[in-house]
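Notes to accompany the following structure.
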There are 2 protein chains.
Amino acid sequence: MTTKLTDLETPSLLIDKGRLIANIGRMTAATEKRGISQRPHLKSAKSVDVAKLIVGKNGSGATVSTLFEAEEFAKVGITDLLYSNAIVPQKFKRAAALVTDGVDLKVVVDNVDMADRLQKFCKETGVSFSVLIELDMDGHRSGVRPEDTDRLLAVAAILSEGGLLSGVMAHAGKSYALTDAAAIEDLAREEEAAALQAAAHLRNAGYRCDIVSVGSTPTALADIECLGATEMRAGTCMFFDLVQRGVGVCTFDDIAMSVLTTVNGVNRETNRIITDSGWMSLSRDRGTSKQKEDFFYGQVCLEDGTVLPDLVVLDTQQDHGIIGYRAGIEKTVPEIELGTLLRILPNHVCATAAQHTKYFVVDENNEVEAIWPRISD
Amino acid sequence: MTTKLTDLETPSLLIDKGRLIANIGRMTAATEKRGISQRPHLKSAKSVDVAKLIVGKNGSGATVSTLFEAEEFAKVGITDLLYSNAIVPQKFKRAAALVTDGVDLKVVVDNVDMADRLQKFCKETGVSFSVLIELDMDGHRSGVRPEDTDRLLAVAAILSEGGLLSGVMAHAGKSYALTDAAAIEDLAREEEAAALQAAAHLRNAGYRCDIVSVGSTPTALADIECLGATEMRAGTCMFFDLVQRGVGVCTFDDIAMSVLTTVNGVNRETNRIITDSGWMSLSRDRGTSKQKEDFFYGQVCLEDGTVLPDLVVLDTQQDHGIIGYRAGIEKTVPEIELGTLLRILPNHVCATAAQHTKYFVVDENNEVEAIWPRISD
């Protein structure tokens, strides 16, 4: 039983199921070729239905960004989980409850203080976590610098004492600023080499380091040999978006997520089309603003997904989108009837999806075959 | 039965109840003094509990931005509602169901085509709406330009034929770019005068125009005489935010909404504090970026709300915030223990609140006295 797009309320978040499955196939093939298993990051999808399509494909587990996600995935039997944000003491108890319930929960720390607190918590409660040490690849957030061997070993010593240490985790965050395949391949090698160097320091000092976790969407798809990392965490590449197109790892036709919107005004004086999708449904993300091609708040497509070149959402209010041509394009906006449906391709799928509570899953006939809830608390 | 902030999971969205009530008092007093009733916009709050605190204070109804909000407010007896986004044909049925259920639903159109379709729908179904004609005060979105009398009267003629016409609605959107009380007062007068001019055109042509609706947060608080408008729709001023502080209509101490976050890292090398609140909880809104004082992703406060001058969330990732001093401030970030709670004042409450499903309501002792769900579908 399918529903036509014209029967949906707008704005609605659509997933093109064919593209999603093709993207998952591409991720899986890339990691298989490289000889690295995948632990897909589910923070973009936040969906049990999406997880079921990918978890287990060249790997056994997944990565999450909140403990709530971990709880929801555990309920459907996805129990090999990496909670990839540095854990804080307020979250120890909730994380421990997952372990007690049988979840193989891996958590992340990057400093002596937190390692010490976690180790003491484990000792007191008798609950044990697998812990990864976060590495800082780009110097702008958290993590141990790979060359800071003293700190790495100090954290490892504490974790190891409690029997908690399992490995290291690196994230090539600066890959999102690249646009060139060769540079992305170089960075992928650099990310993996740095993680392996840290792993070698640990092993040489007599510590365990079973897991060497790497990943970012651009580097996940890089066509390189595996140097020895054990898993790849990328997740956005299930959906892709305009930012990833700017990075050069996908085309418009790979982008599996879009926002369905209704035209509710055409202003001939200002040469603008007005819709019912503002930042409430598209998000405030302006991820393409620093890229070569700026899509403002998104690329405009017809209801069937046909891209309308250079027509973008120039501005948003809470529940209004303002569509027009980019500066420099001297064209009149298309003749369009009020009530017409359009699709907007997002800058950044994680941010756009976060504005919605469910996905409408569209089949090859552009009909809705399912509704998938998103995990949100 | 209260909960301490230290017992909350972070990130969590807090409402300072004392400030909320004081702000509602200020809005109500300002509209009473001006001699205009209020129809508060509930798109920022999206909360039945907040609605109960304000609806009925110098006015009988509220403004909503989605039909889902209208449905939820109607369930608790708030039935005098203005749906202030231009209606589209896909939403006629759902809106009609509200009317059939006894909601006094006012809807908005700005063009002949939609007026015609709505009038036909009403004729066919026997359901009647009160319709306001949207006026365009600043030329960048939708609405009939107040001086475009031909279009105004053409829309009115169609609506009037169906017995639908109730009035006009104006929104001084450009007030958000102002920073000077006198200029805001001038614009408030200009907004009201334009709305009244359109109303006069309608009345002179023999049409009904009972409702003359105006409003924006800056102009709502302007200390001016009433020229004859019947209602004020402002809503953000219940909470205020850093953008409104930049406009000059509130101080830090009036801002009633904040995001509670936990420090999970201090990076001495980069002079940054890392937290667990990224854009997922703060939003991607950068509303102060064009103001004189830029707060990046938010102003940092201690757990008790004490503002830490010049310390802001400089950058965000999905679930990480990166705190530091603004460029030009040569200071070392405070000594701070991992696990410490901080509060972040938001740029734009509507956008930040949209990232959450509930409010934690904080009393004068900084304890949580209630949890209020947000309306989200």
Side-chain angles (χ1 to χ4, degrees), chain A residues 6-10 43-44 65-68 84-91 94 110-111 113-114 117 136 139-143 145 173 262-267 269-270 272 274 276 279-280 283-287 315 317-320 322 337-339 341 348 350-351 354-355 357-358 376-377, chain B residues 6-10 43-44 65-68 84-91 94 110-111 113-114 117 136 139-143 145 173 262-267 269-270 272 274 276 279-280 283-287 315 317-320 322 337-339 341 348 350-351 354-355 357-358 376-377:
Chain A
T6 45
D7 291 331
L8 295 186
E9 290 267 335
T10 58
K43 75 181 170 71
S44 321
S65 63
T66 68
L67 293 175
F68 187 69
S84 66
N85 290 354
I87 195 159
V88 288
Q90 286 92 328
K91 290 171 183 155
R94 189 168 177 179
D110 74 349
N111 65 80
D113 181 9
M114 201 57 74
R117 296 208 218 178
D136 178 7
H140 62 241
R141 192 175 81 185
S142 42
R145 297 288 293 166
T262 303
V263 172
N264 60 18
V266 180
N267 190 329
E269 204 179 321
T270 57
R272 297 284 183 266
I274 319 297
D276 64 355
W279 56 254
M280 192 78 194
S283 94
R284 272 287 192 199
D285 196 280
R286 287 281 291 106
D315 201 1
Q317 291 155 14
Q318 184 157 349
D319 297 288
H320 288 92
I322 299 169
E337 209 184 339
L338 299 188
L341 293 176
H348 182 186
C350 308
Q355 304 298 109
T357 57
K358 54 186 171 294
S376 53
D377 66 347
Chain B
T6 46
D7 291 330
L8 294 186
E9 290 267 336
T10 58
K43 76 182 169 71
S44 321
S65 61
T66 69
L67 293 175
F68 187 68
S84 65
N85 290 353
I87 196 159
V88 289
Q90 285 92 330
K91 290 172 183 155
R94 189 168 177 179
D110 75 349
N111 65 80
D113 181 8
M114 200 58 71
R117 296 209 217 177
D136 178 7
H140 62 241
R141 193 174 80 187
S142 43
R145 298 286 293 166
T262 303
V263 173
N264 60 18
V266 179
N267 189 330
E269 204 181 321
T270 57
R272 298 285 183 264
I274 319 297
D276 64 355
W279 56 254
M280 193 76 192
S283 94
R284 272 285 193 200
D285 196 280
R286 286 282 290 108
D315 201 2
Q317 291 155 14
Q318 185 158 350
D319 296 288
H320 288 91
I322 298 169
E337 211 185 337
L338 298 188
L341 293 176
H348 181 186
C350 308
Q355 304 298 109
T357 57
K358 54 186 170 293
S376 53
D377 67 345

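First the proteins, then the strands, lettered A, B, ... as listed; each starts at 1. Fair warning: this is a prediction, and the values are worked out from it, not measured in the lab.
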Measuring from A/L341:CG to A/L8:CG, what's the distance to the nearest 0.5 Å?
-> 8.0 Å
Options A/D110, A/D319, A/D276, A/T66, ranked by heavy-atom pairs under 4.5 Å with chain B, top entry = A/D319
Answer with side chain, backbone, both or neither: which region of B/D7 has an atom nearer than 4.5 Å to a non-hydrogen atom of chain A?
-> neither
Closest heavy-atom contact between A/H320 and B/A86?
-> NE2-N, 4.4 Å
Partner chain A: residue of B/M280, B/R284, B/E269, B/Q90 with the largest heavy-atom pair count (under 4.5 Å) = B/R284
B/R94 versus chain A, the contacting section by heavy-atom distance below 4.5 Å = side chain
For B/D136 and B/S142 the tightest heavy-atom approach is CB-O, 3.3 Å
Kindly indicate whether the side chain of A/I274, heavy atoms from C-beta on, has any atom under 4.5 Å from the side chain of A/V263.
-> no
Please flag which part of B/V266 lies under 4.5 Å from any non-hydrogen atom of chain A: side chain, backbone, both or neither.
-> neither
Region of B/L67 in contact with chain A, defined by heavy-atom distances below 4.5 Å = neither
Can you tell which of A/R117, A/E337, A/K358 has the highest number of heavy-atom pairs within less than 4.5 Å of chain B?
-> A/R117
Listed by chain and number, what are the side chain to side chain contact (heavy atoms under 4.5 Å, CB included) partners of B/N111, not counting sequence neighbours?
-> A/L338, B/D113, B/M114, B/R151
Please name all residues satisfying side chain to side chain contact (heavy atoms under 4.5 Å, CB included) with A/A351, sequence neighbours left out, ordered by chain then number.
-> A/S283, A/D285, A/H348, B/W279
Among B/S65, B/G265, B/P89, residue most engaged with chain A (heavy-atom pairs, under 4.5 Å) | B/S65
Check whether B/T10 gets within reach of chain A through its side chain, its backbone, both or neither, counting any heavy atom under 4.5 Å.
-> both
Sidechain-backbone polar pair: A/D315 side chain, A/I322 backbone, donor-acceptor under 3.5 Å | no
